Amino acid sequence: MATSRCSGDHRRESVAQMADGPVLIFDSGVGGLTVLREARVLMPHRRFIYAADDAAFPYGAWEEPELERHILALFSRLLDDYSPVISVIACNTASTLVINSLRERFPGHLFVGTVPAIKPAAERTASGLVSVLATPGTVKRQYTRDLIRQWASKCHVRLVGSDRLAALAETYMRDGYVDESAVHAEIAPCFIEQDGRRTDIVVLACTHYPFLVNRMRKTAPWPVDWIDPAEAIARRALSLLPKPAKAGRDDDDRRDLAVFTSGRLDGSTENLMRGFGLFTYR
Ligand code: DGL
């Protein structure tokens with residue numbers, strides 16, 4: 001993978017330098033950019049590394065034990081290569097499976113997870129009908145079921161696992177095209193009517209989905225609140241960060257980077273990363 005470039009020196013960094021270390025934002029693909037853009041607003045002086053495990057995309061289709069092993073092994077390389085001060089797992093499919101194991105395996109490191117925003121949805125719904133739109137992986141997780149039991153026992157929560165939306169978002173972000181009828185077909189099961197009430201909240205429980213939210217609004221059968229947790233995730237990361245030892249960035253090596261585990265980078269991905277202010281190595 002293309003993450004070996006910076007290995008070595010970081011291991012010798014002092015604690016003070018670590019506090020100045022980059023913020024690592026991790027996802028299987030481009031979805032974590034929805035979190036990166038919020039994090040940039042809140043932490044303008046921080047350096048960011050965006051790590052996309054595109055070689056393994058989509059995570060939604062993986063079996064749990066294999067995916068867990070895969071992510072733990074990948075993180076041991078990412079932490080070694082980039083010495084981040086904090087890692088944001090900007091992926092519901094990964095977080096709902098491995099956030100606890102990551103914390104156990106790397107006890108000295110700060111992790112922020114992204115899990116379905118079921119609690120805020122349950123607090124906000126007027127009709128009591130909430131849908132959680134996610135990957136098939138997130139929908140089947142025990143973690144997701146536990147969140148519903150803990151926070152939304154008084155609501156009717158429909159879990160909708162989409163096989164296609166994350167890939168549609170990838171194509172949309174790279175090529176600017178999205179098949180609206182496909183988006184409509186994927187979100188349609190979120191909308192239910194029951195005893196004169198209608199779904200009024202859809203939780204976007206995959207970080208790719210906010211990129212398609214305008215298409216979702218356009219093709220939805222009625223208006224709902226679409227909950228995107230990106231800002232809340234970025235706030236959580238900010239609240240945990242130690243203060244940097246020095247303010248600002250000093251040299252060119254401190255550019256924000258994007259790394260792709262496939263090591264393959266096509267022109268449209270490179271352009272997209274540039275648009276997000278991320279430098280890439282070929
Ligand atoms: N962005 C990821 C999430 O938040 C999922 C995409 C995938 O299936 O890999 O769940």
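Here the structure is a predicted model, which is why all the values come from computation and not from measurement. Residue indices begin at 1 and follow the sequence shown. In listed order, ligands and their atoms are each counted from 1.
In summary, Asp146 and Arg149 engage in a salt bridge, as defined by a charged side-chain N under 4.0 Å from a carboxylate O. The pair Glu193-Arg197 does not meet the salt-bridge criterion, since no charged nitrogen lies less than 4.0 angstrom from a carboxylate oxygen.
For Asp200 and Thr125, the side-chain atoms include at least one donor-acceptor pair closer than 3.5 Å.
Residues satisfying the side chain to side chain donor-acceptor pair (under 3.5 Å) test with Asn100, not counting sequence neighbours, are none.
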Under 3.5 Å, N/O to N/O: give me all the pairs between ligand 1 and the protein, one per line with atom names and distance.
| unit_1 | atom_1 | unit_2 | atom_2 | d |
| --- | --- | --- | --- | --- |
| ligand 1 | 1 (N) | Asp27 | OD1 | 3.0 |
| ligand 1 | 1 (N) | Asp27 | OD2 | 3.3 |
| ligand 1 | 1 (N) | Thr207 | OG1 | 2.9 |
| ligand 1 | 1 (N) | His208 | ND1 | 2.8 |
| ligand 1 | 4 (O) | Asn92 | N | 2.9 |
| ligand 1 | 4 (O) | Asn92 | ND2 | 3.2 |
| ligand 1 | 4 (O) | Thr207 | N | 2.8 |
| ligand 1 | 4 (O) | Thr207 | OG1 | 3.2 |
| ligand 1 | 8 (O) | Tyr59 | N | 3.3 |
| ligand 1 | 8 (O) | Gly60 | N | 2.9 |
| ligand 1 | 9 (O) | Ser28 | OG | 2.6 |
| ligand 1 | 9 (O) | Tyr59 | N | 2.6 |
| ligand 1 | 10 (O) | Asn92 | N | 3.3 |
| ligand 1 | 10 (O) | Thr93 | N | 3.0 |
| ligand 1 | 10 (O) | Thr93 | OG1 | 2.5 |

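The shortest distance between side-chain heavy atoms of Ser127 and His156 does not fall below 4.5 Å.
Note that CG of Leu272 and CG of Leu265 are 10.0 Å apart. Values are rounded to the nearest 0.5 Å.
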